[in-house]
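Keep in mind that what you see is a predicted model, and the values were worked out from it rather than measured.
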Amino acid sequence: MTHVTLITKKMTKSKREIFIDQQFELVANALGVRVKRIKLNSSNSFEYQIRVDDLEKPNGFSVYIGDDYQCWYLELVLDAFNKPLIELFENRYLNRKDLFWSYFQLAQARNKSFKVLLNEQAFDASVASTTIWNDFQVEITAPYSSHDDEFEALHHALLDLFCLVLSLLVQNETWEVTGADIQPELLLGREEGALNRALVNRYERSRYNRALCLDEYGFTCRGCGSNLKEIYGPLGKGVIHVHHLVPISSMGAGYSLDPLKDLVPLCPNCHNIVHRQEPPISISELRVLTDYHDELIFEARKFTP
C-alpha cells in the first residue's frame, strides 16, 4: 500500500514524472510517512510541493522541489502559523542534539550544498541551544551528471532532508536501545495547541537509520554477496536485514549511531549466523565462512561505556 497521495490535474503523466513519483513513494515508504505531492504550475520556480499528511495547513511545512541545469533544489518552508511546530522543533533539538547532528553531518557529506537556517542565519550549535527559535529552513542542492543518476540524486536528497526534519518530530526517545521495534508517536499532544488537530500516527525512528544504510549500500548482503531479488524474483525484492556492528546491548543512552558506520546490510541467513554466538561474530569473520570479498570493510567502532 503506497504512502504517497498525488494531487495533479487529470492528464497523462510523462515518463519523467512517473520516475519522480517513484522516488517520492520509495522515500515515503522507507520512512513510514504519508505525503502528498502537488504539481505546481509553470509560473512557479519549483516543480513540486510535498507535504506530510499528518501536519495540515497552516501548522505544518512544505518541501519544494525544482530541477534546473542538472541540479535538484529542495527547500523546506514552514507554514505561516508555525509557532507550535517551531517550538516543538526547539524542544526536540535540546533533547537530542547528537541525533540531529549525526543526520546533519551525513547530509552535508552527501550533497553539494546542504544548509540549515535558524532565524535566517546558518545553523550554529551554540546559538541553537541558547536562542528562541522563530524560523527553521533547510536547503539542499543535489547535482547529477546524467539522466542515469538524475533520480538517484533526488532520492538521496529527499531522504537526507526528511530524516533530519522527522528527527525533530518523533516523540519517543528510547528508540533502538531496547532492541524492540518501537514505533514512537510523531507528535504532538494536546499541549501543542493548534497542532492537536493533526492525526496521531506512529513512526519507527530507527527505520530512518535503516533507510540511510540501505540508500548507501543497497540490498546486497555484505556478508555473502547475495541479493534475494536475483534469487527469488519479485518476492525477494527489498528483503534484507540491517545488522548493528555495535551490539544494541552495548549502546548507552548517549550513543550517537552513525547509519553508515554502525549498520550493515545482511541477508536473513547471514544475520542469523552472526548472532549464533555472543558477542556476534564480525563481518570479516563471516566473510571467511562465506568466502565473499568486496571493497567495503565493515568493522565495529571502538565503544567505551
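Ring geometry for Phe19 against Phe151 counts as tilted: the plane angle lies between 30° and 60°, on a 0 to 90° scale.
Not counting sequence neighbours, the partners of Asp294 by the side-chain hydrogen bond (donor to acceptor under 3.5 Å, both in side chains) test are Arg222, Arg287, Tyr292. In this view, Glu90 satisfies the side-chain hydrogen bond (donor to acceptor under 3.5 Å, both in side chains) rule with no residue, not counting sequence neighbours. For the side-chain hydrogen bond (donor to acceptor under 3.5 Å, both in side chains) test, no residue two or more places apart in sequence or in another chain qualifies with Ser226. Shown here are the side-chain hydrogen bond (donor to acceptor under 3.5 Å, both in side chains) partners of Asp149, two or more places apart in sequence or in another chain: Ser145.
With rounding to the nearest 0.5 angstrom, the CG atom of Leu106 is 4.5 Å from the CG atom of Leu260. Distance CG/Leu31 to CZ/Arg210: 11.5 Å, rounded to 0.5 Å.
A heavy-atom distance below 4.5 Å is found between the side chains of Leu169 and Leu55. Residues Asp262 and His244 fail the side-chain proximity criterion, which asks for heavy atoms closer than 4.5 Å. The closest side-chain heavy-atom distance from Leu235 to Leu228 is not below 4.5 Å. A 4.5 Å side-chain heavy-atom check between Asn59 and Leu85 finds every atom pair outside the cut-off. Tyr48 has its side chain within reach of Glu17: a pair of non-hydrogen atoms, C-beta onward, lies under 4.5 Å apart. Counting only heavy atoms from C-beta outward, the side chains of Ile65 and Leu158 approach each other to under 4.5 Å. Residues Phe100 and Leu94 form no side-chain contact, since every pair of their non-hydrogen atoms from C-beta on lies 4.5 Å or further apart.
Among residues at least two apart or in separate chains, ring pair (Phe, Tyr, Trp, His ring centres under 6.0 Å) pairs with a member in residues 212-232 are Tyr217-Phe298.
Here Lys39 does not pair with Asp21 in a salt bridge; the nearest charged N to carboxylate O distance is not below 4.0 Å.
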For residues 132-144, run the donor-acceptor check on the side chains, cut-off 3.5 Å, and write out each pair with its distance to 0.1 Å, sequence neighbours left out.
residue, atom, partner, partner atom, Å
Trp133, NE1, Ala128, O, 3.0
Tyr144, OH, Asp67, OD1, 2.9
Tyr144, OH, Asp67, OD2, 2.9

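Within 6.0 Å of CD on Glu120 lie no more than 12 heavy atoms contributed by other residues, nucleotides or ligands.
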